[in-house]
Amino acid sequence: MAVIAGNWKMHMAPEEACTFFGAFEIDEMMANNEILIFPPAISLLAAYKCEDRDPRVQLGIQNVHWEDRGAFTGEISAVMAASVGASYALVGHSERRQLFGETDEQVALKVAAALRHGLIPVICVGETLEEREAGRVNEVILSQLDLALTSIPDPEARFLIAYEPVWAIGTGKTATPMDAAGAHGTLRNRLEQAIGATTAARTEILYGGSVQPSNATEILAAQDVDGVLIGGASLNPQSFGEITRAAG
Ligand code: PEP
């Protein structure tokens, strides 16, 4: 059993989202996995209502604001996302951090907002190439994680972590299974210290960064990798299906 999550980014208008679900069928080999899709916010309701969507495919929002309502032009709150079918919220994706200047403090506020409205946060962490080359992988991902964890006071609250090295996102470069296992082990140890062994053992840590049908099996087999977060390859129902099947 693994978590297989697709981040559609700014792709898939409402009608295209429903067409995707018409072409994505869950067969026996995929059925043990938890399958999530993060459509763009404008397509969430269409995805939720689409009759062709197998209800086992759960939905999430790619970003939320930390307030519930107010004068925040262009933003969407967790309570709004929950009302149109989201069960999960991606928080702190590297594109949000890099392109939109999202800070660790804002990520923590967003985690709190998601939990407040019953959305399961998927907290994204990851280092840039420069940080990796400077030997700072653990320092960077742990400081990102630590701040996000300040918003999780209740050890019973479910949340997921996605380790997504920035240099591997959309570049065709993937971390080796050993690199992924190393980072995931570091994150799990920190969870154990911060929230306790039970939460650490049960929290799924996903790997993201150029996951494709051709490399999914070896990534998913790596120690401490509980699933994958897929960008590009999740836009195609066939490749998303193949990756989901690879998880068994
Ligand atoms: C992502 O957007 O989270 C991602 C991992 O993208 P890609 O699979 O395209 O690298």
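Starting from 1, each residue takes its place in the sequence as its number. Atoms within each ligand, like the ligands themselves, are counted from 1 in listed order.
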Within residues 23-66 or reaching into it, pairs that qualify as ring-ring contact (aromatic ring centres under 6.0 Å, His included) - sequence neighbours excluded |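 Pairs touching residues 23-66 that pass the test: Phe20-Phe24, Phe24-Phe240, His65-Phe72.
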
Give a yes/no on ligand 1: does [X] have at least one heavy atom closer than 4.0 angstrom to it?
X: Ala168; value: yes
X: Gln212; value: no
X: Ala233; value: no

What I want to know is whether [X] and ligand 1 share at least one N or O pair that is separated by under 3.5 angstrom.
X: Ile230; value: no
X: Thr171; value: no
X: Ser210; value: yes

Say you draw a straight line from [atom1] of [X] to [atom2] of [Y]; how long is it, rounded to the nearest 0.5 Å?
X: Leu229; Y: His93; atom1: CG; atom2: NE2; answer: 6.0 Å
X: Ile141; Y: Glu164; atom1: CD1; atom2: CD; answer: 12.5 Å
X: Leu145; Y: Asn138; atom1: CG; atom2: CG; answer: 11.5 Å
X: Arg158; Y: Leu119; atom1: CZ; atom2: CG; answer: 12.5 Å

Tell me which protein heavy atom sits closest to [atom], plus the residue, atom name and distance to 0.1 Å.
atom: atom 5 (C) of ligand 1; answer: Glu164 OE2, 3.1 Å
atom: atom 1 (C) of ligand 1; answer: His93 NE2, 3.3 Å
atom: atom 9 (O) of ligand 1; answer: Gly232 N, 2.8 Å

What atoms in ligand 1 come closer than 4.0 Å to a heavy atom of Asn7?
->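 Answer for ligand 1: 1 (C), 2 (O), 3 (O).
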
Quick note on ligand 1: atoms under 4.0 Å from a heavy atom of Gly209 include exactly 5 (C), 10 (O)

More than 12 non-hydrogen atoms from neighbouring residues, nucleotides or ligands closer than 6.0 Å to CD on Glu51, yes or no?
->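 Not more than 12 within 6.0 Å, no.
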
Determine, stepwise, if the pair Glu139 / Arg190 fulfils salt bridge (Lys or Arg N to Asp or Glu O under 4.0 Å).
-> CA-CA 11 Å; Glu139 176 203 332; Arg190 180 62 119 235; over 6 Å; no

Side chain, backbone, both or neither: the part of Ile169 lying under 4.0 Å from ligand 1 by heavy atom =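 Ile169 to ligand 1: contacts from backbone and side chain alike.
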
Salt-bridge contact Arg97-Glu105 (side-chain N to carboxylate O under 4.0 Å) =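 No, this pair does not count.
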
Parallel, tilted or perpendicular: rings of Phe21 and Trp8 (30°, 60°) | tilted

Tell me which one of Gly231, Gly6, Pro165, Gly170 gets a heavy atom nearest to atom 8 (O) of ligand 1.
->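 Result: the heavy atom closest to atom 8 (O) of ligand 1 is in Gly231.
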
